[in-house]
Chemist: 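Okay, here's the structure, questions in a sec.
This chain uses plain numbering: 1 for the first residue, then up along the sequence. Keep in mind that what you see is a predicted model, and the values were worked out from it rather than measured. Indexing begins at 1, ligand by ligand and atom by atom, following the structure's order.
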Amino acid sequence: MRRLSIKQRVTAFYAAILLLFAIIIMTAFYFTLDLQFTHVSHSALERSVKNAFDHIEMPGDWLEVSNDFDFYVNDVTLLIYGVEGTKVMGQAPDGFPENMPLRSDVHQEYESEDENWQIYDLFTEYPNGNGMWVRGIYSLSSSMETLGNLLVIMLIAIPVFILIALIAGYTITSRAFVPVSQIQKTAELIIKKRDLSSRINLHGSVNDELFRLAQTYDELLDRIEDSFNNEKQFNSDVSHELRTPVSVIISQAEYGLSQNDPQIMRESLQSILRQTEHMSDMITQLLELSRTGNSLHNLNKEYFNLAELCDLVADELSENSQQKNIQIIRKLDPGIMVIADQTLLMRAIINLVANSISYGKENGFVMLDLHREEDKIILNVSDNGNGIAPEHLGKIFNRFYRADKARSRSGSSNTGLGLAMVKQIVEAHDGAVSVQSTPDVGSTFTISLPATSNDG
Ligand code: ADP
């Protein structure tokens with residue numbers, strides 16, 4: 001048998017509990033009423049029969065019944081019997097056997113085909129040796145009718161009640177489970193269509209656990225889609241970037257092989273070497289980018305002096321700067337401490353300073369300016385180099401983007417990956433990186449980090 005869904009199980013469970021309660025309450029009510037009826041009939045019988053003796057005298061062998069004596073009182077029919085048990089006065093109800101044996105002070109019941117009676121008899125003996133019986137008969141038909149009606153109401157009401165409970169329960173649980181079925185449908189859609197853009201997109205004001213779960217799933221899908229798209233974009237970027245040097249290598253190799261002139265062959269080989277070096281740089285950078293990406297999930301944060309780190313970077317790159325006679329100016333506020341991943345931050349700052357040297361003019365300068373601005377730590381890396389044209393400014397942080405394509409084509413080590421990595425690192429530290437640049441005047445790259453992370 002097919003297993004019931006959670007909705008059906010919850011509904012069935014509550015319906016069963018309701019049914020049980022309804023049956024218990026109705027049955028208790030039924031039996032209480034029945035007991036009450038018996039109690040009422042017993043006391044009416046006893047009262048009527050005992051009162052009867054106040055109206056009957058037996059001075060000798062005969063009876064004297066007072067004029068106000070009523071043979072039908074409080075729904076009780078009264079009959080008078082002689083000592084030997086023969087009825088002497090009163091009219092028994094239709095269908096009741098008058099000769100039913102008499103038993104003093106005992107409650108009896110008689111059931112005919114269509115009637116039920118309660119019977120109570122009492123015998124009294126007079127001093128003159130005579131005696132008599134008074135019998136009271138109470139018809140249970142109205143009580144039975146009431147109980148019968150109640151039973152019918154129960155038999156109709158309980159199923160209707162349960163049906164209403166089932167429908168209401170199913171509707172409520174169905175509503176509560178809407179997020180679950182939406183989640184399932186979304187998952188099916190993603191699996192079938194291989195489309196990661198589907199979302200559960202729950203609307204409404206109910207902010208319950210399932211609603212929040214659906215929202216969390218949507219956020220999770222956003223993340224998965226983002227990283228999936230990034231991965232796709234990355235793969236296509238890498239293939240695209242490698243295609244250029246590889247096709248140059250192939251064509252140069254073919255060209256060199258087709259020539260006999262050793263000078264031309266040498267030039268071809270030199271060109272092949274440049275492209276291979278460029279590819280090698282790119283692979284190194286890609287590895288570094290991937291390693292950085294991995295470390296970003298697990299930052300190795302420590303408390304250190306950022307000014308000292310900037311100093312260290314400046315020292316490291318001083319040899320490169322000297323080759324172009326570029327002066328590195330340090331304007332470092334000495335007390336600036338941060339809690340950050342030192343290795344990653346160093347990698348970011350090296351990239352910025354190396355770029356400033358690389359794109360700087362001979363005899364120019366690179367300035368590192370580290371200071372605090374309100375709740376931010378600001379590091380400006382400025383140069384008076386080539387600058388960047390405004391149309392490139394918005395894109396230089398994209399992977400593989402180079403404002404000066406001619407350099408890469410010539411086989412230089414510029415891969416267009418450095419600034420993408422800087423951005424990744426800074427953002428992983430809840431910071432931001434921006435650039436201001438004027439062609440032929442110079443550029444300023446600004447890293448801003450939250451100062452909250454530097455005092456603890
Ligand atoms: P790469 O330097 O390897 O090309 P980057 O991602 O570091 O890659 O830089 C992207 C591009 O931004 C560079 O190709 C260059 O055109 C431009 N750029 C970066 N820094 C500077 C700078 N200090 N001055 C001028 N242009 C720069």
Side-chain angles (χ1 to χ4, degrees), residues 230 233-234 237-238 240-242 244-245 274-293 296 310 313-314 316-318 320-321 323-330 344-369 378-428 432-447:
N230 273 345
Q233 186 61 39
F234 185 71
D237 287 350
V238 170
H240 184 261
E241 288 302 314
L242 288 174
T244 316
R274 271 199 307 276
Q275 293 301 333
T276 317
E277 278 169 353
H278 176 60
M279 278 172 65
S280 163
D281 284 342
M282 194 184 291
I283 289 163
T284 313
Q285 282 268 45
L286 279 172
L287 276 175
E288 200 174 339
L289 191 72
S290 133
R291 239 177 303 162
T292 307
L296 292 180
C310 291
V313 173
E316 280 281 313
L317 297 175
S318 62
N320 300 28
S321 65
Q323 284 167 11
K324 285 174 92 173
N325 197 27
I326 287 177
Q327 189 195 354
I328 301 184
I329 305 165
R330 309 170 199 208
L344 290 181
L345 266 197
M346 185 169 178
R347 206 175 282 170
I349 301 168
I350 286 180
N351 263 288
L352 292 185
V353 179
N355 274 353
S356 289
I357 296 169
S358 166
Y359 299 102
K361 288 179 188 151
E362 299 252 337
N363 310 317
F365 72 86
V366 173
M367 182 161 77
L368 275 98
D369 175 5
I378 304 291
L379 172 64
N380 287 321
V381 180
S382 324
D383 61 62
N384 60 343
N386 301 343
I388 305 161
E391 67 268 26
H392 299 301
L393 274 182
K395 301 175 194 155
I396 53 168
F397 290 99
N398 295 349
R399 272 185 315 229
F400 298 111
Y401 193 85
R402 289 169 300 254
D404 183 3
K405 292 270 177 354
R407 277 170 174 256
S408 65
R409 255 181 261 124
S410 69
S412 81
S413 63
N414 303 81
T415 56
L417 291 169
L419 287 181
M421 188 160 67
V422 172
K423 189 167 185 268
Q424 258 190 345
I425 294 172
V426 174
E427 285 179 355
V433 58
S434 58
V435 60
Q436 281 186 323
S437 185
T438 313
D440 287 327
V441 175
S443 315
T444 298
F445 284 82
T446 304
I447 289 181

Chemist: Kindly indicate whether the side chain of Leu344, heavy atoms from C-beta on, has any atom under 4.5 Å from the side chain of Leu296.
Modeler: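 Yes, their side chains come closer than 4.5 Å.
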Chemist: Taking distance alone, with no angle check, do Phe445 and ligand 1 share an N/O pair under 3.5 Å?
Modeler: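 The answer is no, given that Phe445 and ligand 1 share no N or O pair closer than 3.5 Å.
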Chemist: Check the pair Gln285 / Asp281 against side chain to side chain donor-acceptor pair (under 3.5 Å), numbers first and verdict last.
Modeler: CA-CA 6 Å; Gln285 282 268 45; Asp281 284 342; over 6 Å; no
Chemist: Should Gly385 be listed as contacting ligand 1, given a heavy-atom distance under 4.0 Å as the test?
Modeler: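 Contact absent.
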Chemist: Judging by distance only, is a nitrogen or oxygen of Asn351 under 3.5 angstrom from one on ligand 1?
Modeler: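 No - when backbone and side-chain N and O of Asn351 are compared with those of ligand 1, no distance drops under 3.5 Å.
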Chemist: Could you tell me the separation between the CD1 atom of Ile388 and the CZ atom of Phe445, rounded to the nearest 0.5 Å?
Modeler: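 Those atoms lie 4.0 Å apart.
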Chemist: Considering both backbone and side-chain atoms of Gly416, is one of its nitrogen or oxygen atoms within less than 3.5 Å of a nitrogen or oxygen in ligand 1?
Modeler: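 Between Gly416 and ligand 1, an N or O pair is found under 3.5 Å apart.
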Chemist: For ligand 1, note which part of Ala403 has a heavy atom under 4.0 Å away: side chain, backbone, both or neither.
Modeler: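 Both backbone and side chain of Ala403 come within 4.0 Å of ligand 1.
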Chemist: Just how far is it from atom OG of Ser318 to atom CD1 of Ile326, taken to the nearest 0.5 Å?
Modeler: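 It comes to 12.5 Å.
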Chemist: Should Phe397 be listed as contacting ligand 1, given a heavy-atom distance under 4.0 Å as the test?
Modeler: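 Per 4.0 Å heavy-atom rule, Phe397 does not contact ligand 1.
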Chemist: Distance from Leu242 atom CG to His278 atom NE2, nearest 0.5 Å?
Modeler: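 Output value for this atom pair is 8.5 Å.
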Chemist: Which bit of Asn386 gets closer than 4.0 Å to ligand 1, counting heavy atoms only: side chain, backbone, both or neither?
Modeler: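 For Asn386, there is no contact with ligand 1 at all, from either part.
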Chemist: Could an N or O of ligand 1 be found under 3.5 Å from any N or O of Asp383, whether backbone or side chain?
Modeler: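 N/O-N/O distance below 3.5 Å exists for this pair.
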Chemist: Looking only at distances, can you tell me whether any N or O atom of Asn355, backbone or side chain, sits closer than 3.5 Å to an N or O atom of ligand 1?
Modeler: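 Checking ligand 1 against Asn355, an N or O pair does fall under 3.5 Å apart.
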Chemist: Within a strict 4.5 Å, meaning less than it, do heavy atoms of the Met367 and Asp383 side chains meet?
Modeler: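 When only atoms from C-beta onward are counted, Asp383 and Met367 do not touch, as no gap falls below 4.5 Å.
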